[in-house]
Protein chains: 2
Amino acid sequence: MSLRPGIAFLADCPALLAMEIIASKWSMVTLFALTDGPLRHGELVELSGGISRKVLTQTLRRLQANGLVERQAYAEAPPRVEYSLTDLGRTLEEPIRMLTAWARENGEAVVTFREAAQAARAGSVNRTV
Amino acid sequence: MSLRPGIAFLADCPALLAMEIIASKWSMVTLFALTDGPLRHGELVELSGGISRKVLTQTLRRLQANGLVERQAYAEAPPRVEYSLTDLGRTLEEPIRMLTAWARENGEAVVTFREAAQAARAGSVNRTV
DNA sequence: TCCGAAGGTTACCTAGAGGTACCTGATAGC
DNA sequence: GCTATCAGGTACCTCTAGGTAACCTTCGGA
């Protein structure tokens, strides 16, 4: 890992750890959904607007393995399973709230910029070729 | 926009937009590194502790395309290129700071939990087979 | 004349995220 | 008996993020 001191702000790297946990497309979405309270598998699928059941399961397993989410299975039929944030998971509520708030406030600006840039690229291609 | 109140928080989905921007392994790291001021390509490579030059370029291009990062090239030899946050990019400073602060405070707990869980899995395998 | 520095690009490869489709297994309703 | 529900598991596929290694360009210096 070559910790050259002074440089290495990222070698021990809180940011990398955060990314490792969060950087799958659906982790944050799932955690966010759970901030309101426990949810069942099926509810999470509906809420997340697009996640497949397989991927939701994978995501939950990963979050479980990191101690952020708890799984409560009830021996009923049909089976009932509830997922909730652990205490550790709840410490992520604030950062997640900030990120989604940021997205709500600035999402439009990003999309606008992106489309303008694409249009510019397309235009310059048309003109220069 | 289908805001079924309570349900559809993800249908138009600020969280998904946030993830789209952030969820590459190095985007947050790069943005975080730039919060202290403009940096050159080579400086970013060193600071980020592990990113390859190719991937850094890709990451910067993507951030540029989303309007979060600016590229300033100076016509010198050898060439000098500086990257900095745009105004829009600077609006992400706070959320990123919160996430990295979270990682700094809770990273150890996550790693501890993960290792304990792995040990438990390994143990149960040894015993039950 | 060749080398090195800076900031790339390109070709090629791998791992894994994410998706679809279909299977299980217990029960409840018809 | 047949079917639906719920929470998965499994097989199989694709796509892309990320990595390595090599090459390019421009200049100043030995």
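A, B, ... follow the sequence lines: proteins, then strands. Residue 1 opens every chain.
- Using a 4.0 Å heavy-atom criterion, one finds that B:Tyr83 contacts the sugar-phosphate atoms exclusively.
- Nearer to the 5' terminus of DNA chain D, by closest-nucleotide assignment, is the contact made by A:Glu82 (compared with the other of B:Ile51 and A:Glu82).
- At least one side-chain nitrogen or oxygen of A:Arg40 sits closer than 4.0 Å to the OP1 or OP2 atom of D:dA7.
- Note on B:Ser52: a base of the nucleic acid sits closer than 4.0 angstrom, heavy atoms only.
- Between the NE2 atom of B:His41 and the P atom of D:dT25 there is a distance of 18 Å, given to the nearest Å.
- Side chain of A:Val81, nearest nucleotide from C:dG8, D:dG19, D:dG8: D:dG8.
- Here the CD-CG distance, from B:Glu82 to B:Leu34, works out to 10.5 Å after rounding to the nearest 0.5 Å.
- The side chain of A:Pro79 lies closest to C:dG25, out of C:dG25, D:dG18, C:dA6.
- Rounded to a whole Å, the CZ atom of B:Arg61 is 16 Å from the P atom of D:dG18.
- Rounding to whole angstrom units, CD of residue B:Glu43 and P of C:dA6 are separated by 10 Å.
- If you chain together hydrophobic residues whose side chains sit under 4.5 Å apart, B:Leu85 and B:Val81 fall into the same group.
- Ion pair A:Arg40/A:Glu43 not flagged as a salt bridge, since none of the NZ, NE, NH1 or NH2 atoms sits closer than 4.0 Å to an Asp/Glu carboxylate oxygen.
- Straight-line distance from the CZ atom of A:Arg71 to the P atom of D:dC6: 16 Å, rounded to whole Å.
- Rounded to whole Å, atom P of C:dT9 lies 11 Å from atom NZ of B:Lys54.
- Of the candidates C:dA6, D:dG18, D:dA11, D:dG18 carries the atom nearest the B:Ser24 side chain, counting heavy atoms from C-beta on.
- Per the geometry, CG belonging to B:Leu56 stands 11 Å off P belonging to D:dG18, to the nearest Å.
- Between A:Ser27 and A:Thr30 there is no side-chain heavy-atom pair separated by less than 4.5 Å.
- Taking CD1 of A:Ile21 as the reference point, atom CZ of B:Arg114 lies at 6.0 Å (rounded to 0.5 Å).
- If A:Pro78 and A:Arg53 are placed on DNA chain D by their nearest nucleotide, the residue sitting closer to the 5' end is A:Pro78.
- With rounding to whole Å, A:Leu60 atom CG is found 15 Å from D:dC6 atom C1'.
- Rounded to an integer number of Å, the gap from A:Gln58 CD to D:dA11 P is 13 Å.
- The base of D:dG18 is not paired with the side chain of B:Lys25 by any donor and acceptor separated by under 3.5 Å.
- Both A:Gly50 and A:Ala77 lie close to DNA chain C; mapped to their nearest nucleotides by heavy-atom distance, the more 5′-ward contact belongs to A:Gly50.
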